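Keep in mind the model is a prediction, meaning the values are calculated, not measured. As the structure lists them, so they are numbered: ligands from 1, and atoms in each ligand from 1.
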Amino acid sequence: MTSISTPLTPQQDWQRRSVAAVWHPCTQMARAEVVPPLPIARGAGPWLYDYEGRRYFDANSSWWVNLFGHTDAGLNAAIKSQLDTLPHVMLAGCTHAPAVRLAERLSARTAGALGHVFFGSDGASAVEIALKQSFHSWRNTGRAEKREFVCLKNGYHGETIGALAVTDVKVFRDAYDPLLMRAHIVESPDARLGNEADALAAMRALLSERGAYIAAVIIEPLVQGAAGMVMYDAAYLRGLRALCTEFEVHLIVDEIAMGCGRTGMFFAWEHAQPQAPDQWPDFITLSKGITGGTMPLSLVLTTEAVYQAFWSEDVSRGFLHSHSYTGNALACAAANAVLDRFDAGQLQANAEQAQLLNQAFAPLASHPRAAHLRQQGMVLAFDVIEPGLRFAERFHLAARAHELLIRPIGGTVYLMPPYLIDAEAAAFLARAVRLTLDEVLSESTESSAQTLSKEVHVA
Ligand SMILES: *Cc1c(COP(=O)(O)O)cnc(C)c1O
């Protein structure tokens with residue numbers, strides 16, 4: 001018997017094959033059959049193009065990694081040149097110029113306060129490194145009982161077992177909870193609640209009781225990203241630094257999402273205006289934007305004091321952690337090209353772009369279903385009042401028709417675009433978000449079910 005069927009378009013073919021062979025991240029695959037992944041053929045600047053020539057503005061910078069758009073000529077040139085010279089060499093027993101330069105340049109950006117850089121590959125591996133270095137440095141200085149960690153409510157630090165233990169996001173955590181090391185979870189600051197003082201008081205209470213057993217506190221500076229772009233004041237950062245110093249607890253500042261200029265400074269921590277080395281964190285983790293969305297790379301910056309705790313004739317007192325691609329030369333070359341942009345005045349451009357976004361989205365503040373319109377540099381977010389069932393998915397799908405690639409977190413719509421915003425792009429984004437919002441809110445549950453069943457046939 002022969003069945004008669006119309007051939008699939010390339011777009012449909014990639015969708016079908018992807019759902020069959022690729023296990024997609026952060027996705028219930030049963031759902032991916034209903035809402036198939038969008039095959040992207042190429043990218044240019046802030047735009048992504050599918051196989052049917054449709055384009056989409058990458059409003060979340062491909063999961064917060066892309067800083068200067070897709071196929072940026074400068075970053076590509078740096079990678080290509082490194083590719084022809086030395087793509088990779090192991091960083092134990094060998095070294096290479098891109099890693100050395102990158103470490104020096106990042107340390108200089110902390111005014112030398114964090115002068116030692118350890119390389120990883122993904123964000124979560126940097127968090128693992130910081131947790132291990134903190135505990136091990138206490139152990140090496142005779143305080144092995146300091147082995148507990150503190151994180152903030154709704155905080156996110158990655159999804160490997162150690163990083164997940166200091167992550168408080170139910171959907172990622174719950175299934176694995178029985179496997180996880182126990183961390184203290186403390187009230188987080190949230191400008192919407194105006195609870196910064198309470199959050200600091202809760203931290204003081206915990207540190208004064210358990211400080212002798214606590215190795216480190218880990219936080220996301222200024223914005224808790226995965227929590228739904230929860231923003232808070234830099235005063236909390238200063239208060240927390242003082243508490244960690246008072247109770248002799250390390251402070252790990254996870255800049256994986258908010259570093260690299262996203263908040264308006266290169267490090268979000270700079271909003272705390274550190275005047276002296278001891279006003280910096282003990283650890284900073286970086287990843288995501290550090291290669292501008294080209295190559296996986298992460299790193300941990302730390303202090304002379306932590307470094308010295310490992311300095312010994314005894315091998316076992318050293319930090320023997322490693323990943324195969326640690327300090328990959330291609331990734332380091334990309335990161336150096338990213339730093340070149342910041343040396344050339346990127347922060348000034350970001351300030352202007354943040355202003356353009358601010359103006360374009362200002363009218364949304366009076367939308368009857370939008371609450372808490374908020375912004376920190378190149379992060380803009382608002383909460384939807386009564387978003388309804390599967391809001392994030394419906395918004396994401398409806399936005400595609402307006403040339404916008406965007407993924408709300410629950411009922412929070414946010415933009416974290418590449419640093420390529422001009423007046424036209426800002427106006428485009430504000431209009432596309434507004435149209436999508438009104439469309440999705442006026443949809444009845446019934447018609448959204450129809451949209452989804454149509455997608456099944458497309459797949
Ligand atoms: C994304 C993220 C991580 C994890 O990085 P991966 O590269 O996804 O492992 C850790 N911390 C924060 C704050 C992040 O946003």
Tell me whether the rings of W138 and H250 are parallel (<30°), tilted (30 to 60°) or perpendicular (>60°).
parallel
Would you check the N or O atoms of G158, main chain and side chain alike, for any that come under 3.5 Å of an N or O of ligand 1?
no
Short side-chain donor-acceptor distance under 3.5 Å, Q275 and Q279:
no
So how far is it from L206 CG to E148 CD, rounded to the nearest 0.5 Å?
8.5 Å
Only heavy atoms of K288, strictly under 4.0 Å: list the atoms of ligand 1 that pass.
1 (C), 2 (C), 3 (C), 14 (C), 15 (O)
Closest non-hydrogen contact found for A216 with S134 is CB-OG, 3.5 Å
Quick one, F382 with H372, criterion ring-ring contact (aromatic ring centres under 6.0 Å, His included). Give me CA distance, side-chain angles, the key distance, then yes/no.
CA-CA 5 Å; F382 62 92; H372 302 296; over 10 Å; no
Could you tell me which residues satisfy side chain to side chain contact (heavy atoms under 4.5 Å, CB included) with F135, sequence neighbours excluded, listed by chain and number?
R139, R147, F149
Heavy-atom contacts with A257 under 4.0 Å: which atoms of ligand 1 show up? List them by number with element.
15 (O)
Could you tell me whether E159 approaches ligand 1 through its side chain, its backbone, both or neither, with non-hydrogen atoms closer than 4.0 Å?
neither
Is the shortest N/O to N/O distance between A124 and ligand 1 below 3.5 Å?
yes
Where ligand 1 meets W64 - atom numbers and elements under 4.0 angstrom, heavy-atom basis:
15 (O)
Ignoring hydrogens, tell whether any protein atom lies closer than 4.0 Å to atom 8 (O) of ligand 1; use the non-hydrogen atoms only.
no
Which of the atoms in ligand 1, numbered in the order shown and given with their element, are less than 4.0 Å from a heavy-atom of D254?
10 (C), 11 (N), 12 (C), 13 (C)
Can you report which non-hydrogen protein atom sits closest to atom 5 (O) of ligand 1, along with the distance?
G123 CA, 3.2 Å
Which residues pass the side chain to side chain contact (heavy atoms under 4.5 Å, CB included) test with A77, sequence neighbours left out?
none
